[in-house]
Amino acid sequence: MINDKIIIKNAQENNLKNVDLELPKNKLIVITGVSGSGKSSIAFDVLYNEGRRRYVDSLSNYARQFLGGTAKPAVDSIEGLSPAIAIDQKTTSNNPRSTVGTITEIYDFYRLLFARIGIPYCPIHNIEISSQTITQIINQIYNWKENSKLQIFAPLVSNKKGSFKNEISELKKEGFLRIRVNNEILHLDNIEELDKHKKYTIDILVDRIILNTENRSRIYESLGLATKYADGLVSVENLTEKKEELYSLKLGCKHGDFSMPKIEPKLFSFNSPLGACNKCNGLGFIQQVTWEKMVDQDKTILEGGIKYFGDKLSGYNWEKFIVLLKEYNISLDKKLKDFTEKEQEIILYGSKEPINFKVKTKSLTVRKYDYIEGLATMIERLNLETASDFARNYYKQFFATSTCDKCNGSRLNQHALAVKINHKNIFEVTALSIEEANKWIKDLKLSEQELKIVNLVISEIKSRFKFLINVGLGYLTLNRMANTLSGGESQRIRLASQLGSKLTGVIYVLDEPSIGLHQRDNEKLINTLKEIRDLGNTVVVVEHDEEMMLESDYLIDIGPDAGIYGGKVIATGTAEEVAKKETHTGNFLSGKDQIEIPKKRRNISEQKYLEIYGAKANNLKNINVKIPLKKFVVVSGVSGSGKSTLVNEIIYKKLHNLTSHGNHFDIPGLCDAIKGVENIDKVVRISQDPIGKTPRSNPVTYTSVFSDIRELFASTNEAKIKGYAAGRFSFNVKGGRCEKCQGDGILRIPMHFLPDVYVKCDECNGKRYNEETLQITFKDKNIADVLDMSVEEANIFFKNQPKISRKLKYLKDVGLDYIKLGHSSTLLSGGEAQRVKLATYLQKKATGKTLYILDEPTTGLHHHDIKKLLVVLNKIVDNGDSILIIEHNLDVIKVADHIIDMGPEGGNHGGKVIAHGTPEEISNSKISETGKYLRYILK
C-alpha cells in the first residue's frame with residue numbers, strides 16, 4: 001500500500017500543527033488555502049526538502065559539499081517518498097547573459113545548426129562567401145569558352161596608400177616581370193617610385209596562357225603560385241570574354257576585405273571571446289555616463305547643476321573643468337537644459353585640441369599643454385581605477401544602460417552575424433517569437449545532405465518548441481533576458497524542460513504555475529501537468545486558481561486561517577467533496593462566498609485622463625491609450641500582449657522621471673508623448689520584490705512602526721532612569737542588542753558538506769537583545785515579546801497608542817494580521833512583500849494626485865484574501881487617488897471601473913488595445929479573450 005501513497009506523520013514545520021496526511025501517488029494534487037496557512041510548508045519545506053535531502057545524502061561527501069545540504073524538516077516520518085523536483089516562482093537567473101534560449105538549451109542547438117549548414121555572407125558586399133580548392137577553381141575556369149586568353153593574377157594590395165618600394169624590389173628578386181597597378185600592366189624594370197600619398201591596387205601577373213586541355217597542368221601550377229603570394233586569393237581575367245573572377249582558398253570575400261574564421265558552434269556563443277561583440281563583451285548593452293544622469297536640467301552649473309561637483313565648486317578637477325568651459329566659451333549661468341548638443345559633448349568628452357592650463361603641486365605651479373578630459377571620460381576612468389566599493393557605488397549614479405551601438409544588441413561580432421540560414425542570421429532567428437521560430441524551423445528547405453547532417457538537431461529544437469507552446473509561452477523570444485521573466489514565466493519554462501526530459505517516478509512540486517497566465521491559456525497548462533502525471537509522476541501544485549482545483553485528482557485545503565490560526569488540514573478529497581465543507585475554499589467552490597459585482601461603477605464622464613501617444617516599445621504597435629484618473633483601472637490581456645511594457649516600461653518609468661524633480665533613474669520605453677502629467681504629483685509602484693535583503697529587515701522596520709515602538713519603550717520611566725534612548729531598542733546597532741549574534745537571534749554554523757546549522761543564540765536565547773535591554777517593559781512585555789506578537793495581537797496590545805495602532809491596522813487591512821512583527825523579510829512570499837509595501841503607502845495622507853501601480857497583486861492570494869485586498873484598493877480610490885493594475889484574475893477585472901484590454905495575441909501578434917471600457921463593455925467585444933470569460937461571469 002505504501003507504493004500507492006505518500007504518508008506524512010506529525011509534520012510541525014513552521015506553523016504546521018502536528019499534521020498527518022496521505023497523498024495518492026501518480027495524481028495531480030492541488031494544495032490550497034488562505035495566504036500563510038501552511039501550504040508551502042507542506043509542499044516545499046516538508047515534501048520537497050525531505051525528498052532532496054534523501055537524494056543528496058545518498059551521494060559522497062565530496063559531491064555533497066558542492067550541492068549543499070538540506071536540513072531535515074520537522075516531521076516524524078515520511079513513507080513512500082520519491083525523488084522530488086521543485087519548480088518554484090524564483091526567476092531562473094539574474095545573470096544578464098542568461099536568456100530564454102540558453103536556459104531551454106535551444107540556443108545550443110541553434111549554434112550547432114548554424115555551424116553545420118549556415119552559409120557565410122560578406123557584410124560589406126552582401127555576397128556569399130565560400131572557400132574552394134584549386135581543383136574546384138580550375139574546374140570552374142574550364143567551363144569558360146575554349147581557347148580563351150587568360151591572365152592569372154595574385155592580388156597583392158587593395159586600395160592602399162604607399163610607395164611599396166620594398167614589395168616591388170622583392171618581386172624582382174623572385175623573378176616576376178610584370179604587375180598590374182590600378183588596372184594598368186607595368187613592367188617591373190620600368191616602374192618609377194610610386195607616390196606614397198596615393199592609393200593603389202596592385203596585382204602580380206603570374207601567367208598569361210590559353211585555356212585548353214594541354215595547358216591544364218600549367219594553369220594548375222600558376223593558380224597555386226598565385227595563392228601562395230596572395231594569401232589564398234587568385235584572380236583570373238578572361239581577355240576573350242572580357243570578364244574577371246576572384247577566387248579564394250580561404251573562407252573570405254572575393255574582394256579581399258572580409259574573411260571568416262573557422263565556423264564552429266563556439267563562434268555563435270556570446271559567452272565566448274570567439275563570438276562575442278568586443279565592445280559589450282556579449283552583453284548586448286553598455287553602461288556609460290549620460291547627460292541626463294549627470295546633470296540637474298533645471299539648474300545652472302554655478303547652482304550645482306553638475307551632480308558630480310554639486311555645490312562644492314573647488315578642487316583640481318573643478319579648476320580643470322573651468323579651463324575647459326572658458327576655452328569653448330560655455331556659460332556657467334545658463335540652464336543645463338538649454339545647452340546645445342555640441343556643448344554637452346564638450347562637457348562629457350572634453351577638448352578636441354590640447355589646452356594650456358595650470359597644474360598645482362606641493363612645491364610649485366607649472367603650466368601644462370594637454371587635452372582636458374570631459375566629465376564622462378573622467379568618471380568612467382575613475383570607476384575602472386577605484387578599488388573602493390563606496391566610490392564605485394557613488395559613480396554608479398551617473399551611468400545609464402543603453403543598447404550596444406556596435407552589435408545593436410545582438411551580443412555577437414560581425415563574423416557570427418555573417419552566417420545565415422535562409423537569409424537569417426542567428427540573432428534574427430532568436431528575435432522571433434517561439435511560435436514564429438517554430439514555423440521558421442518547420443519551413444526550412446534543406447538539401448538531402450543538409451537534412452542528413454542536422455536532422456537530429458532540428459528534431460530536438462521542434463520538440464522543445466512544442467513543450468513551450470503547450471505551456472502558453474509561444475509569445476516569448478529566445479533572446480529575452482532571463483532576469484526579465486516573471487516568476488510564472490520562468491516556472492513554466494522549467495516545466496516545459498521537465499516535460500521534455502520524460503522522467504517517471506518523480507514528485508514535482510510547483511508554486512502557483514498559473515501566475516501571469518491568462519484564463520485562456522490555463523487549459524494548456526493543466527493539460528501539460530496532466531501529461532507529466534500520465535508519465536507516472538506525482539504532481540503537487542500549490543494553487544488558488546479555481547479551474548486548477550476543479551481539474552485536480554485530489555484537493556487538500558489547509559487552514560482554517562493564516563499564521564498561528566492555520567497549519568491544519570481542514571478538508572481533503574475531490575473538488576466536489578471539498579466544496580461541501582464550510583471552509584474558505586469550500587465556500588468559494590460552492591459559490592456561497594463570492595466577490596460581488598459592484599451595483600454601480602464610478603462615473604468616468606468629465607474625467608481627467610493620463611494620455612499616452614505613440615507607444616512603440618517592445619511589441620507595442622504605436623498605440624494611443626487613455627487612462628481615467630481617480631479610478632480603479634485594470635490592464636488585461638493574454639500573456640505577452642504588451643501589458644507590462646505599457647505599464648512598467650513606459651507609464652511608470654516616464655512618470656517617475658517626470659515627477660522626481662530632475663532625478664532620472666530609468667530610461668523609459670519609447671513613446672511620442674504623455675499628456676495629463678500635471679494631474680499626478682507622485683507615482684508609486686508596489687512590486688513583489690523583497691522588502692529587504694537581510695534577515696533583520698521585517699514588516700515593522702519596513703513600515704516604520706518599529707520606530708514608534710522603540711520611542712514608546714524609550715519613554716517608559718525605567719528607560720528614562722537608565723538613560724536609554726530609542727536606539728537602545730534597535731537590534732541593528734550596538735548598545736542594546738546581543739553582540740554574540742549581532743541582533744540576529746540565531747547563529748550560523750558552517751558544516752562543510754552537511755547543511756549549515758542555524759541554532760538559537762545561547763546568550764540571548766534567540767531574543768536578539770542583551771539582558772539590560774530586556775529588563776525594560778511596557779505593560780509587562782519587553783521589546784522581544786513585542787516582536788514575537790502577531791499583527792493582530794499587537795493591534796490589541798497597542799490599542800491605546802494611536803500612532804502605532806493606526807499603522808498596524810493597515811497591515812491587518814491588507815490581510816497580514818497573522819504575520820509576526822519580527823518575521824524576517826527573506827521569508828515573506830512575493831504577495832506578502834507586496835502587501836507590506838501597500839500597507840506602508842496607505843499610512844500616507846491621500847493627495848488625490850498619486851498613481852498606484854501594481855503588477856498582479858493577487859499573486860499568492862486565496863479568494864478570501866482577494867476580497868480583503870479589493871477593499872483596501874477601493875479605499876485608495878475613494879480617497880481620491882488612482883489605481884492602475886496589471887491583472888488576469890477575473891474577480892479583480894470584474895470590479896474595475898475601466899479596463900484596457902491588450903492583444904489580440906502575445907508577442908509580435910499583440911501590442912494593440914483591442915477593447916477598452918467597463919467590464920460590461922469589454923464582455924461585448926467579439927475579439928477580446930478577456931471579454932469572452934467576463935461574459936460568463938457577468939451573466
Side-chain angles (χ1 to χ4, degrees), residues 14-15 34-40 89-90 487 511-512 515 544 561-566 682-710 730-732 786-795 798 803-846 850 852-862 864-876 881 883 885-887 892:
N14 298 328
N15 68 332
V34 296
S35 303
S37 59
K39 306 180 297 298
S40 296
Q89 293 174 29
K90 290 176 184 173
D511 190 4
E512 284 200 271
I515 293 169
H544 299 109
D561 286 295
I564 59 173
Y565 309 108
K682 185 171 60 178
V683 58
V684 176
R685 181 170 173 259
I686 304 175
S687 69
Q688 294 187 14
D689 297 332
I691 62 171
K693 295 181 179 179
T694 68
R696 293 181 193 170
S697 175
N698 55 50
V700 287
T701 56
Y702 189 85
T703 57
S704 77
V705 69
F706 195 46
S707 299
D708 301 323
I709 293 171
R710 289 190 291 112
S730 170
F731 46 73
N732 286 318
V786 169
L787 287 173
D788 201 43
M789 291 179 182
S790 69
V791 168
E792 184 167 353
E793 290 171 328
N795 200 32
F798 292 112
K803 199 174 179 183
I804 298 172
S805 181
R806 183 175 60 86
K807 293 180 179 180
L808 291 173
K809 182 178 178 297
Y810 289 124
L811 284 168
K812 184 178 179 181
D813 288 346
V814 295
L816 294 177
D817 49 338
Y818 61 91
I819 292 254
K820 286 189 176 182
L821 301 190
H823 190 84
S824 171
S825 66
T826 57
L827 301 176
L828 292 174
S829 69
E832 287 170 334
Q834 189 174 44
R835 282 180 285 157
V836 169
K837 293 176 187 177
L838 189 58
T840 305
Y841 286 109
L842 282 172
Q843 298 172 20
K844 299 178 181 178
K845 189 177 179 181
T850 302
Y852 290 89
I853 292 176
L854 294 92
D855 193 346
E856 289 203 80
T858 59
T859 298
L861 297 191
H862 188 273
H864 181 69
D865 301 306
I866 294 172
K867 285 181 76 173
K868 293 180 183 178
L869 178 68
L870 288 174
V871 170
V872 174
L873 296 179
N874 277 304
K875 186 177 178 181
I876 291 173
D881 289 323
I883 291 279
I885 295 182
I886 300 171
E887 191 54 83
V892 175

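Values reported hereafter were calculated over all heavy atoms of this structure, with side chains retained and with hydrogens, waters and symmetry mates removed. Nothing fancy with the numbering, it's 1 onward along the sequence. Note that this is a predicted model, so its numbers are computed, not measured.
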Item to check | Reference residue Val700; test side-chain contact (heavy atoms from CB on, under 4.5 Å); the match among Val791, Ile804, Val705 | outcome: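 Among Val791, Ile804, Val705, the one that satisfies the side-chain contact (heavy atoms from CB on, under 4.5 Å) with Val700 is Val705.
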Checklist entry - Can you tell which of Asp817, Leu816, Val814, Val34 makes a side-chain contact (heavy atoms from CB on, under 4.5 Å) with Lys868? => result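 Among the candidates, only Asp817 passes.
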Next on the checklist: I need the minimum non-hydrogen distance between Ala562 and Ser35, along with the two atoms involved.
Outcome noted: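 Heavy atoms of Ala562 and Ser35 come nearest at CB-O, 2.9 Å.
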Checklist entry - What are the two closest non-hydrogen atoms of Glu887 and Ile885, and how far apart are they? => result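 So the minimum-distance heavy-atom pair works out to CB-CG2, 3.7 Å.
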Checklist entry - When you look at Asp561 and Tyr818, which way does the side chain to side chain contact (heavy atoms under 4.5 Å, CB included) test go after all the steps? => result CA-CA 8 Å; Asp561 286 295; Tyr818 61 91; over 6 Å; no
Any side-chain heavy-atom pair from [X] and [Y] closer than 4.5 angstrom?
| X | Y | answer |
| --- | --- | --- |
| Leu821 | Asn698 | no |
| Lys837 | Tyr702 | yes |
| Glu512 | Lys39 | no |
| Ile686 | Pro857 | no |
| Val872 | Lys875 | no |

Next on the checklist: Determine whether Asn795 and Leu811 satisfy the following criterion, side chain to side chain contact (heavy atoms under 4.5 Å, CB included), listing intermediate values before the conclusion.
Outcome noted: CA-CA 10 Å; Asn795 200 32; Leu811 284 168; over 6 Å; no
Checklist entry - Got a donor-acceptor contact below 3.5 angstrom from the Asn15 side chain to the Gly36 backbone? => result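 Confirmed, Asn15 side chain pairs with Gly36 backbone.
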Checklist entry - Any sub-3.5 Å donor-acceptor pair from Thr703's side-chain atoms to Pro699's backbone N or O? => result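 Yes: the side chain of Thr703 pairs with the backbone of Pro699.
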With rounding to the nearest 0.5 Å, note down the distance linking [atom1] in [X] to [atom2] in [Y].
| X | Y | atom1 | atom2 | result |
| --- | --- | --- | --- | --- |
| Asp865 | His862 | CG | NE2 | 7.5 Å |
| Leu838 | Tyr852 | CG | OH | 8.0 Å |
| Asp881 | Lys682 | CG | NZ | 8.0 Å |
| Ile564 | Met789 | CD1 | CE | 11.0 Å |
| Leu870 | Thr858 | CG | OG1 | 9.0 Å |
| Leu869 | Asp813 | CG | CG | 11.0 Å |

Checklist entry - Going through the checks in order, is the side chain to side chain contact (heavy atoms under 4.5 Å, CB included) test met by Leu873 and Val892? => result CA-CA 10 Å; Leu873 296 179; Val892 175; 5.9 Å; no
Checklist entry - Is Arg806 positioned over the aromatic face of Tyr810, cation under 6.0 angstrom from the ring centre and no more than 45 degrees off axis? => result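 Judged by the rule (NZ or CZ under 6.0 Å from the ring centre, within 45° of its axis), Arg806 is not positioned above Tyr810.
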Next on the checklist: For a side chain to side chain contact (heavy atoms under 4.5 Å, CB included) check, start with the C-alpha distance between Thr850 and Tyr841, then their side-chain angles and the critical distance, and finish with the verdict.
Outcome noted: CA-CA 10 Å; Thr850 302; Tyr841 286 109; over 6 Å; no
